[in-house]
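First comes the structure, then the notes that go with it.
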Number of protein chains: 2
Amino acid sequence: MERQASCPSTAAPIGGLLNTASFLREKGIQPSPQRLRIYEALASTREHPSADAIHRQLSPEMPTLSRTTVYSTLELFVGAGIAQELAITGSQLRFDAEVSSHAHFACRSCGCVVDLGGLQAASLPELPLGFIAESSQYFITGICPSCTVSTLA
Amino acid sequence: MERQASCPSTAAPIGGLLNTASFLREKGIQPSPQRLRIYEALASTREHPSADAIHRQLSPEMPTLSRTTVYSTLELFVGAGIAQELAITGSQLRFDAEVSSHAHFACRSCGCVVDLGGLQAASLPELPLGFIAESSQYFITGICPSCTVSTLA
DNA sequence: GATGGGAATTGTACAAAGTACAAGTCTGTT
DNA sequence: AACAGACTTGTACTTTGTACAATTCCCATC
């Protein structure tokens, strides 16, 4: 889990952030400076950050931002359907502002998480009667290209 | 995460345990009393226990069994390909002696994990060039039948 | 049967991720 | 301006898992 930044996840914004405040309000979330910056930080990266990664990123500009706020805000976003949680690394939750169904790859060496293509819903296993699905995840773990190269060196 | 035991995962053994010791030896694992009991505990349940759950289960009969041994033994099994890790709950790893590719359901209320059917390989997203896949997981989270009933009550 | 060496196990200490909760601050409304 | 409720903060704590040194066990050899 060392070379996070060098992995092949481009860092382009996902959508328009012109008016994050009204977007949050539409989703039933009262905006606050903390919530705006946390959402923007999440939506402007494709690195699928953990809660602590977001806290580390925002701390310089918001020195009093507490870890508790980041955790509770991300949970609020997940509950409102504007973010999804990925349990992909096994040791920490990663978050994604892109909520459409798509698969993920996690590198066991550097910890990076990158997007893969979508899944064909028709081919997924059906849920037995009585189970209520709320979300689903498909992920692959292995070694990313950067780490393959540096392992060979 | 309360009613673990009442969830719909039947507790029948997966395979023959007649000679666990020689099975482990075949897989390149030196048997020991601890390893035998840990493997048998894992293979004889469909509850996908966590490492600590196995430790709690075996502690009465092996009072000196240490948590470290359980953790390192399970990792040994995963490396040898006779167990798989499930990162499904986000907060702890669950283990499964059934290593064939199949999906899982996790109940957000009681924490139970049950087996679902297999996946059609053809429908899975393809991995871009340079990525090396080592394992994959498909899981659905939601509410299991037991918890649906008790939530309504 | 004794003995030496490597593997396995143990126990303690530690680290990381996340949660609980009470106190403080902010914000919007009256 | 004052109140109430929502939001944020900070501390303490729990859970999960890892590091590592010391001990114990097993087994081959003498």
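Here the structure is a predicted model, which means the values were calculated and not measured. Numbered from 1 within each chain, the chains take letters A, B, ... in sequence-line order.
A close approach under 4.0 Å does not occur between any side-chain nitrogen or oxygen of B:Gln30 and OP1 or OP2 of C:dA7. Not one side-chain nitrogen or oxygen of B:Ser72 sits closer than 4.0 Å to the OP1 or OP2 atom of C:dA8. Here A:Ser66 does not reach the OP1 or OP2 of D:dT8: none of its side-chain N or O atoms lies under 4.0 Å away.
Relative to the side chain of B:Tyr71, the nucleotides D:dT18, D:dC7, D:dG10 differ in distance, and D:dT18 lies closest. Set against D:dG17, D:dG10, C:dG18, the side chain of A:Gln92 has C:dG18 as its closest nucleotide.
Rounded to an integer number of Å, the gap from CZ of B:Arg56 to P of D:dT16 is 7 Å. The nearest whole Å value for the distance from the CZ atom in A:Arg35 to the C1' atom in D:dT8 is 9 Å. Here the P atom of nucleotide D:dT15 and the NE2 atom of B:His55 are 15 Å apart, to the nearest Å. Atom CD1 of A:Ile38 and atom P of D:dC7 are 13 Å apart (whole Å). In this structure, CG of B:Leu65 is placed 9 Å from C1' of C:dT9, rounded to the nearest angstrom. As rounded to whole Å, 11 Å separates atom P of D:dG17 from atom CD1 of B:Ile54. Between B:Leu93 atom CG and C:dG18 atom P there is a gap of 13 Å when expressed in whole angstrom units. Taking atom CG of residue B:Leu74 and atom P of nucleotide D:dT16, one finds them 14 Å apart after rounding to whole Å.
Between B:Thr68 and B:Ile29, the residue whose closest nucleotide on DNA chain C is further toward the 5' end is B:Ile29.
With contacts defined as side-chain heavy-atom distances shorter than 4.5 Å, the pair B:Phe131/A:Pro145 qualifies.
The main-chain N or O of A:Thr69 is found under 3.5 Å from a side-chain atom of A:Ser72 such that the two form a donor-acceptor pair. With B:Arg67 contributing its side chain and B:His55 its backbone, the two residues share no donor-acceptor pair below 3.5 Å.
By the 30° and 60° cut-offs, the orientation of the rings of B:His48 relative to B:His104 is perpendicular.
At the heavy-atom level, B:Thr69 lies under 4.0 Å from base atoms of the strands shown. Residue contacts for A:Arg67: at a heavy-atom cut-off of 4.0 Å it reaches a base atom on one of the strands shown.
Between B:Phe77 and the options B:Phe95, B:Tyr71, B:Phe23, B:Tyr39, a ring-ring contact (aromatic ring centres under 6.0 Å, His included) holds for only B:Tyr39.
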